[in-house]
S.K.: 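Before anything else, here's the structure in question.
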Amino acid sequence: MKSRWCSREAERLVRAYARRGVDRDLALRVYTTRLLGRDPRLVLHGGGNTSVKTTMRDSLGRRVDVLCVKGSGWDMGDIEPRGLPALRIAALLELRHLDSLSDGEMVNLQRGCLLDSTSPNPSVETLLHAFLPYKYVDHTHSTAVLAVTDQPDGDALCREVFGGRVALVPYVMPGFALAREAAEIHEANPGVEGLILLKHGIFTFGDTARDAYERMIDLVSLAEARLRRGRRERFRPSRLPPRIARASEVGPIVRGLLAEPLDDAGGEWRRAILDFRTNGRIRTYVDGEDVGRYSQVGVVTPDHAIRTKNWPLVLPAPLAGDLSAFKREAGERIARYVRRYRAYFARHNGEREPVKVELDPYPRVVLVPGLGLFGAGGSASDAGIVADIAENTIEVVTDAEAIGRYRPIREADMFDVEYWSLEQAKLGKGMEPPLARQVVLVTGGGSGIGAATAREFAEQGAAVAVLDRNRSAAEAVAGAVAGSAIGIVCDVTERRSVRRAFDRVCRTFGGLDIVVSNAGAAWRGRIGDVPDRVLRQSFDLNFFAHQTVAQNAVRVMTAQGTGGVLLFNASKQAVNPGRNFGPYGLPKAATLSLARQYALEYGEQGIRSNAVNADRVRTRIYKGDLLEERAAARGLTVEQYLGSGNLLKREVKVEDVAKAFVDLALSPKTTAAVLTVDGGNIEAALR
């Protein structure tokens, strides 16, 4: 590991923050915190913490000694000064003399020490930072250090690797007890450059930001050097089927089996989003014949328990062409996992007060021999965090097994951390948006109604796939919407293109729940004169493409087994044909019937199918386009025309149509319905 300290960059940041009233000490603290936080070999997703002891002015203008320490919920990789709340250090140091301090009391006292009461909660390891007599203190969960410490003889191995440069702290759960223990061990070893918290991580310190940072780099490099010596291969490959199914086929099965029914009828589900990962190192790990041993020992550092639970689920290798046996065995293994987790909870609950409430018992990490791993979470970002930690775990366990035998903290200790209220608070639990945990695919999503629909579903919490013939348009919309979204180039009139797009969605998110088949275009012509070529082109896009999209949707939804929603963009032309619009209206009428046919034939599987009938929708107006032509024919502006032809005399916008699609998605007992969005066109009203 090499130092990435750059004096020029550090000074540039100091000057930039000085213009915002941030002093040099805190600016340098931000600089090296980011250096640490941007290296996944040191910290991941909110892990680790740093601090600096300096002086600041309180609300009365008096200079006071403070500890600026990383706040809960902040990520070291992109931290700002506000993410390092300041606490009066004198009051913190008084706590050192207490015999004990509960977590609740510790949090309350720390908040009482804040200079700014609106600051985030200081790190749970604030007191450890305060009790160490150094200006700058850094703490990471280095993968190399964990591989060395997570051993049956981790303390002896640490003495071999680090010599007298560090002092060793036995595992103690974070909080007041750990802070006091670490401080006492440091006082007995005042010349050390760092502390190794066995099976937890590493602290380094110094009088300058650079000293503390580069000591971290030096000590971690010693651990890395030890991991390169005397390695042996411990993961013998297991025997796999000759042909392995694709992740895009396996993902929906896994995702469906991980869904938790929310009602007895199985109509509502608490789903998870998946994130698939694979590479050579992952495959070596998951394909190992002994994966059932080394993957089940426990997480590499207590900090990961709230994200991944204590062990992953291991599934059988999926044979291509016959996934029924895989689905059956996977379901049985998930059921066993749930029973095992509930037994684990029952074993440890009540050992310490207060009695805990069981978290959901479903796995967060799924290992699939022959393929790779899936991370599961309530959103695409949560699933990505889980997958990142799973990859980090594979690196640590691989290195630990190469030089010894992997052994983290005891199960009882892990339970205490997983159910620790201060750790659970990091997840920021609150009410989820209406479409959280659901995956939506929108065709024709690069502009107009499709783009507005993608935005609306994302704002309701869904992960969204934006499909469009124009790659840049699809990617632009995906990049602009709130939440998690991907843009995919897709020609919906080409079956292989549609299949590839759906496969990518399943590989990215694990499956899908809602499909908005929106792509279309209006061909015109007098029906008795229109060339067959034009009529066939219109049917290809305005009918057969909807069928291809729907076929792929039900393929995925039936594999998941948790129902789903099909939504079709019909048109008033389907029920109220206009002159010279036969080439457009005829396939749209067929698509309206298609929507109802899917409702009829897939309702028993919980798949709902509905359509939106829109008319005179304001999109982007181009000179010479259809709306301008229609308006001019009546002697009106486009705006006047859009509002003149409906009962409400109100213009209909793409956002109105998008909300209609969302409303149908949120109506669990509505199927075979057509929702009209046209401001009131009585001639197009259904009867």
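Predicted, not measured: the structure shown is a model, and the values here were computed from it.
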S.K.: To the nearest 0.5 angstrom, please state how far the CG atom of Leu600 sits from the OG atom of Ser593.
M.R.: 12.0 Å
S.K.: Can you check side chain to side chain contact (heavy atoms under 4.5 Å, CB included) on Ser238 and Val291, steps first, answer last?
M.R.: CA-CA 9 Å; Ser238 60; Val291 66; over 6 Å; no
S.K.: Using only heavy-atom distances, determine whether the side chains of Ser324 and Asp322 contain a donor-acceptor pair under 3.5 Å.
M.R.: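 Judged by distance alone, the side chains do pair up.
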S.K.: Please assess Val365 against Leu313 for the test side chain to side chain contact (heavy atoms under 4.5 Å, CB included), listing each intermediate value before the final yes or no.
M.R.: CA-CA 6 Å; Val365 179; Leu313 169 69; over 6 Å; no
S.K.: Surrounding CZ of Arg281 (heavy atoms of other residues, nucleotides or ligands, distance under 6.0 Å), is the total greater than 12?
M.R.: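 Atom CZ in Arg281 is crowded, with more than 12 foreign heavy atoms closer than 6.0 Å.
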S.K.: Does the structure place the NZ or CZ of Lys588 under 6.0 Å from the centre of the six-membered ring of Phe543, at an angle of no more than 45° from the ring's axis?
M.R.: no
S.K.: I need the Leu467 CG to Ile488 CD1 distance, nearest 0.5 Å.
M.R.: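 The CD1 atom of Ile488 is 5.0 Å from CG of Leu467, to the nearest 0.5 Å.
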S.K.: Going by the angle between their ring planes, with limits at 30° and 60°, are Tyr598 and Tyr602 parallel, tilted or perpendicular?
M.R.: parallel
S.K.: Is it the case that the side chain of Arg437 and the backbone of Arg271 share a donor-acceptor pair, with hydrogens and angles ignored and the cut-off at 3.5 Å?
M.R.: yes
S.K.: Measure centre to centre between the rings of Tyr341 and Tyr362, then say whether the value is under 6.0 Å.
M.R.: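 No; Tyr362 has its ring centre 6.0 Å or more from that of Tyr341.
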S.K.: Quick one: does Ser517's side chain have a donor or acceptor within less than 3.5 Å of a partner on Phe568's backbone?
M.R.: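 Side chain of Ser517 to backbone of Phe568: no pair is present.
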S.K.: Please tell me if the side chains of Val565 and Val515 come closer than 4.5 Å, counting only heavy atoms from C-beta onward.
M.R.: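 They are not in contact (no side-chain heavy atoms under 4.5 Å apart), so the answer is no.
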S.K.: Does atom CZ of Arg277 have more than 12 heavy-atom neighbours, drawn from other residues, nucleotides or ligands, at distances under 6.0 Å?
M.R.: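 Yes, because the 6.0 Å sphere around CZ of Arg277 holds more than 12 heavy atoms from other groups.
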S.K.: Distance check, rounded to the nearest 0.5 Å: Leu240 atom CG versus Leu319 atom CG?
M.R.: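 Rounded to the nearest 0.5 Å, the CG-CG separation comes to 11.0 Å.
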S.K.: Ignoring hydrogens and angles, state whether a donor on the side chain of Asp678 or Thr676 is under 3.5 Å from an acceptor on the partner side chain.
M.R.: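 Looking only at side-chain atoms, Thr676 and Asp678 do not form any donor-acceptor pair under 3.5 Å.
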S.K.: Is the ring pair Phe374/Phe276 parallel, tilted or perpendicular, if the boundaries are 30 and 60 degrees?
M.R.: tilted
S.K.: Set out, in order, the CA-CA distance, both residues' side-chain angles and the distance that settles side chain to side chain contact (heavy atoms under 4.5 Å, CB included) for Asp290 and Phe235, then state yes or no.
M.R.: CA-CA 7 Å; Asp290 203 17; Phe235 300 157; over 6 Å; no
S.K.: Is the side chain of Glu249 donor-acceptor paired with the backbone N or O of Arg246 at a distance under 3.5 Å, no angle test?
M.R.: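 Side chain of Glu249 to backbone of Arg246: a pair is present.
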S.K.: Using a 6.0 Å cut-off, check whether atom CZ of Arg536 has over 12 heavy atoms from anything other than its own residue.
M.R.: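 It does not: Arg536 CZ has 12 such atoms or fewer within range.
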S.K.: Please name the residue in the list Val505, Leu512, Val498 that meets the side-chain contact (heavy atoms from CB on, under 4.5 Å) test with Asn552.
M.R.: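 Passing option: Val498.
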S.K.: May I ask you to decide whether Glu494 forms a salt bridge with Arg496, counting only side-chain N to carboxylate O separations under 4.0 Å?
M.R.: yes
S.K.: Judged by modelled atom types alone, do His45 and Asp388 share a side-chain donor-acceptor pair under 3.5 Å?
M.R.: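 There is such a pair between these side chains.
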S.K.: So do the side chains of Tyr337 and Pro361 get within less than 4.5 Å of each other, counting heavy atoms only?
M.R.: no
S.K.: Can you tell me if Asn518 uses its side chain to pair, donor with acceptor, with the backbone of Thr443 under 3.5 Å?
M.R.: yes
S.K.: At what distance, to the nearest 0.5 angstrom, does CG of Leu373 lie from CD1 of Ile394?
M.R.: 5.0 Å
S.K.: Where the side chain of Glu456 meets the backbone of Glu655, is there a donor-acceptor pair that is under 3.5 Å apart?
M.R.: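 Not at all, since once roles are kept as given, no pair shorter than 3.5 Å links the two residues.
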S.K.: Has the side chain of Asn310 got a donor or acceptor atom that lies under 3.5 Å from a matching backbone atom of Val299?
M.R.: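 Yes.
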S.K.: Indicate yes or no: does Arg495 engage Asp491 in a salt bridge with an N to O separation below 4.0 Å.
M.R.: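 Between Asp491 and Arg495 there is no salt bridge, as every charged N stays at least 4.0 Å from the carboxylate O atoms.
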S.K.: Report the C-alpha separation of Ser295 and Val314 in whole Å, then their side-chain angles, then the decisive distance to 0.1 Å, and conclude whether the side chain to side chain contact (heavy atoms under 4.5 Å, CB included) test is met.
M.R.: CA-CA 8 Å; Ser295 71; Val314 182; 3.6 Å; yes
S.K.: What distance do Arg524 atom CZ and Ser538 atom OG have between them, rounded to the nearest 0.5 Å?
M.R.: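 Rounded to the nearest 0.5 Å, the CZ-OG separation comes to 12.5 Å.
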S.K.: Rounded at 0.5 Å granularity, tell me how far CZ in Arg608 sits from CE in Met557.
M.R.: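 It comes to 10.0 Å.
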S.K.: Kindly indicate whether the side chain of Pro433, heavy atoms from C-beta on, has any atom under 4.5 Å from the side chain of Gln460.
M.R.: no
S.K.: Is it true that a side-chain atom of Thr278 and a backbone atom of Leu371 form a donor plus acceptor pair closer than 3.5 Å?
M.R.: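 Looks like yes, one N/O pair under 3.5 Å.
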S.K.: Strictly below 4.0 Å, N to O, side chains only: are Glu329 and Arg336 in salt-bridge contact?
M.R.: yes
S.K.: Check whether Asn542 reaches the backbone of Ala521 with its side chain - one donor and one acceptor, N or O, closer than 3.5 Å.
M.R.: yes
S.K.: Can you tell whether the side chains of Asp503 and Arg555 come within less than 4.0 Å, N to carboxylate O?
M.R.: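 A salt bridge links Asp503 with Arg555.
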S.K.: In plain terms, say whether Arg307 and Asp382 are close enough for a salt bridge, that is, a side-chain N and a carboxylate O under 4.0 Å apart.
M.R.: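 Salt bridge between Arg307 and Asp382, a charged N being under 4.0 Å from a carboxylate O: yes.
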S.K.: Answer yes if the side chains of Glu391 and Tyr285 hold a donor-acceptor pair under 3.5 Å, and no otherwise.
M.R.: no
S.K.: Val466 versus Val442: any side-chain heavy-atom pair under 4.5 Å?
M.R.: no
S.K.: Any cation-pi pair here, Arg340 with Trp311, using under 6.0 Å and within 45°?
M.R.: yes
S.K.: Donor-acceptor pair, Asn610 side chain versus Leu664 backbone, under 3.5 Å?
M.R.: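 Not at all, since once roles are kept as given, no pair shorter than 3.5 Å links the two residues.
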S.K.: Would a 4.5 Å heavy-atom cut-off, applied to side chains only, mark Pro318 and Val368 as touching?
M.R.: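 Result yes, sub-4.5 Å side-chain heavy-atom pair found.
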S.K.: Between Arg243 and Gly321 (side chain of the first, backbone of the second, donor and acceptor by atom type, cut-off under 3.5 Å), is there such a pair?
M.R.: no
